[in-house]
**Q** 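Sharing a structure below in structure tokens format, with a few things to ask.
Reminder, nothing fancy here: chain letters follow the sequence lines and each chain counts from 1.
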Amino acid sequence: MKNNNSSKKLYKYNKAFNSSLVIICIILVLIGKFDLIIFRNVAAFLTDFFAPISNAFNKPVKEIENVIEDVQSVTQLRKENIRLKIEIKRLMVSEKNMSLVESELIELKKILNFIPKENKVLATGRVLNISGGTFAKTMLINTGIKEGIKIGQPVVSSDGLVGSIINVGPSSSRVLLLIDINSMVPIFLTQSGWPAIAQGQNGSFLKLRFLSSEASPIIGEIVETSGHGGKFPSGLNLGKIIDSKSGNYVVKLSSNPQKLRFVSILEVNSEYDSLNKSEGLAPLQGSKDVLNLKGFNKIN
Amino acid sequence: MMTRNTLYNFLLVQKSFLQTILLLSFCFIQISLNFLSFFFISQPYVMVIFLFLLIMRSDNPPSSVLLIFAGLFYDLITGTHLGIHSFFFILVKILIFFYEERYKLSKLYGEWILFSIVYSLTLIITKIIFIFVNFTLPDLNAISFNLGFTLLIFPIISFLIDLPKYFLSFVLK
């Protein structure tokens, strides 16, 4: 009987202990939602400190991936050869067309007095690791405060936009990839001409949000950054529209984060005037001094 | 002179230290998997498989506080929402003990069934919390890919860990 009582007590104690642990973890999750600077600094220090260890763990896996890629390319050599021959023929035709269009474009720019805006590359860094779990899609690169990297700067590869800097350490930075659920980029559909927001889903595609109901995207059309909001410069390639099985349009990224080895960080003008930058698109609303209490006060 | 109690405490600290190093290594192994292109949608949680085997096969399973810190560490170095993995690891441990003590699942049906139930439940509960925190539905394809792949590779990893044991028993026969 005494034994039974003590086991019941122990069971109750265990239950209370486990419940308190779960509650602590939920509190931690809620604290994480506040995005406190102290945690950012701790994360920056830890990523910087453990970057060489992480790099050492990644090396064998990278080698395995290289071997797999080599084997795949050897087995598909004949197929690849035929595909490349066809591709060369197609590119030769399009090159001729392109040169005509290019000369026309230069002429038109001269007429319009168009001043092209070039994106300045601040630094180029090596990809140290990519966290691709189901909860977050981020990437660690080996450039940091020393190279002048700041939070919010866009990160690009040779294929286009990759993401933006979310955390900076002395010699490493964390990049929020476009496929992360917290990533949102103002985009522009180049052929149909509609603006929208491309949001990550922690999967492999981007979801189109706030797309006008009148919009009818074309399958395969190129998606570029619109420049709205000033976080990303306009005209950066994101990917192309594909038709998902559920009937919604999604964006397939042109850059594959898993195959990235080097990325560049672009410098964004800090004195950005969001009202003037969105040329050709609907201007964004400026901030108002009056507090907007919907239904209680009237703002003209 | 070293008393028995001091020796016990020393061994306990030593075990905790080893477990800390093991958990950190699991974190780095998990991160390194992202370079493999065949896990193009989502990477399987190899770390959870290792953690499950560590809890199941160790005489002194890692303490809950250690699991919370390991989760925090993983969240901080991968840029995941803070506390998500602490919650994940704690839930894995609680569910393992719950199903083991109450239903003796691993003895009746094997470790794979126990892992499948524990992992599926943990992933679903954590995802629900994640959805509430972010107010956005994640890609279900990625979640199902992760779930399926993790459950599929569990017996392979378990077998690979047991391989030296099988080999030794075969040689010493």
Side-chain angles (χ1 to χ4, degrees), chain A residues 14 17-18 21-22 24-33 35-36 39 42-43 46-47 50 53-54 56-62 64-65 68-69 127 129-140 166-167 174-176 179-182 199-205 207 256-259, chain B residues 24-25 27-43 45 47 64-65 67-68 71-91 93-94 97-98 101 123 126-127 129-130 132-134 136-143 145-147:
Chain A
N14 270 345
F17 181 67
N18 287 338
L21 284 176
V22 169
I24 288 169
C25 290
I26 291 173
I27 290 169
L28 271 175
V29 173
L30 293 174
I31 290 170
K33 190 70 191 161
D35 196 19
L36 299 173
F39 290 122
V42 173
L46 283 177
T47 44
F50 287 101
I53 300 170
S54 176
F57 271 88
N58 292 340
K59 266 187 183 160
V61 181
K62 277 181 188 171
I64 292 169
E65 177 59 19
I68 292 168
E69 266 182 17
V127 177
N129 69 48
I130 310 160
S131 61
T134 56
F135 295 105
K137 303 277 184 185
T138 59
M139 185 167 79
L140 190 71
I166 49 161
N167 210 354
R174 185 158 293 283
V175 180
L176 183 78
I179 48 174
D180 188 276
I181 204 158
N182 293 308
Q199 188 189 17
Q201 299 179 86
N202 276 359
S204 41
F205 302 116
K207 192 165 69 177
N256 182 355
Q258 281 181 317
K259 292 195 171 174
Chain B
L24 293 185
S25 310
C27 290
F28 289 121
I29 290 168
Q30 178 66 45
I31 294 166
S32 69
L33 280 186
N34 301 304
F35 283 103
L36 294 175
S37 56
F38 44 83
F39 300 135
F40 59 103
I41 302 176
S42 176
Q43 287 70 42
Y45 264 117
M47 188 173 59
S64 303
V65 178
L67 288 183
I68 289 180
L72 275 178
F73 175 78
Y74 187 76
D75 286 336
L76 287 171
I77 60 163
T78 56
T80 317
H81 194 103
L82 198 79
I84 283 284
H85 280 95
S86 301
F87 184 74
F88 199 97
F89 296 162
I90 284 293
L91 217 56
K93 193 184 170 183
I94 290 172
F97 281 114
F98 176 75
E101 281 175 12
L123 193 70
T126 321
K127 275 289 164 192
I129 287 177
F130 188 72
F132 274 117
V133 169
N134 283 297
T136 330
L137 267 177
D139 187 11
L140 290 174
N141 285 337
I143 299 169
F145 183 86
N146 173 283
L147 183 68

**Q** Could you measure the distance from the CG atom of A/L46 to the CZ atom of B/F73? Nearest 0.5 Å is fine.
**A** 6.0 Å
**Q** Under the side-chain contact (heavy atoms from CB on, under 4.5 Å) criterion, do A/F57 and B/S25 qualify, and how do the steps go?
**A** CA-CA 9 Å; A/F57 271 88; B/S25 310; 4.2 Å; yes
**Q** Looking at CD1 of B/I77 and CG of A/L140, how far apart are the two atoms once the value is rounded to the nearest 0.5 Å?
**A** 9.0 Å
**Q** Which distance, rounded to the nearest 0.5 Å, do you find between the NZ of A/K137 and the CG of B/D139?
**A** 8.5 Å
**Q** Supply the atom-to-atom distance B/H81 NE2 to A/I31 CD1, rounded to the nearest 0.5 angstrom.
**A** 10.0 Å
**Q** Let me see the working for B/K93 and A/L21 under side-chain contact (heavy atoms from CB on, under 4.5 Å), right down to the final yes or no.
**A** CA-CA 11 Å; B/K93 193 184 170 183; A/L21 284 176; over 6 Å; no
**Q** What part of A/N167 gets within 4.5 angstrom of chain B, counting heavy atoms only: side chain, backbone, both, or neither?
**A** neither
**Q** Check whether A/Q258 reaches the backbone of B/N34 with its side chain - one donor and one acceptor, N or O, closer than 3.5 Å.
**A** yes
**Q** With rounding to the nearest 0.5 angstrom, report the CD1 to CG distance, B/I143 to A/N202.
**A** 8.0 Å
**Q** Under 4.5 Å heavy-atom distance to chain B, tell me which part of A/N182 shows up: side chain, backbone, both or neither.
**A** side chain
**Q** Donor-acceptor pair, A/T138 side chain versus B/T78 backbone, under 3.5 Å?
**A** yes
**Q** Between A/K62 and B/F35, is there a donor-acceptor pair closer than 3.5 Å when you use the side chain of the first and the backbone of the second?
**A** no
**Q** For the atom pair CD1 (A/I181) and CG (B/N134), what is the distance rounded to the nearest 0.5 Å?
**A** 5.5 Å
**Q** Could you pull out the closest heavy-atom pair between B/I84 and A/V29, with the gap in Å?
**A** N-CG2, 4.0 Å
**Q** For side-chain contact (heavy atoms from CB on, under 4.5 Å), just list the numbers for A/L28 and B/I68, CA-CA rounded to whole Å, side-chain angles, deciding distance to a tenth of an Å, and then say yes or no.
**A** CA-CA 10 Å; A/L28 271 175; B/I68 289 180; 4.1 Å; yes
**Q** What part of A/E69 gets within 4.5 angstrom of chain B, counting heavy atoms only: side chain, backbone, both, or neither?
**A** neither
**Q** If we define contacts as heavy-atom pairs under 4.5 Å, which of A/S204, A/S54, A/A56 has the most with chain B?
**A** A/S54
**Q** Could you check whether the rings of B/Y45 and A/F135 sit parallel, tilted or perpendicular, using 30° and 60° as the cut-offs?
**A** tilted
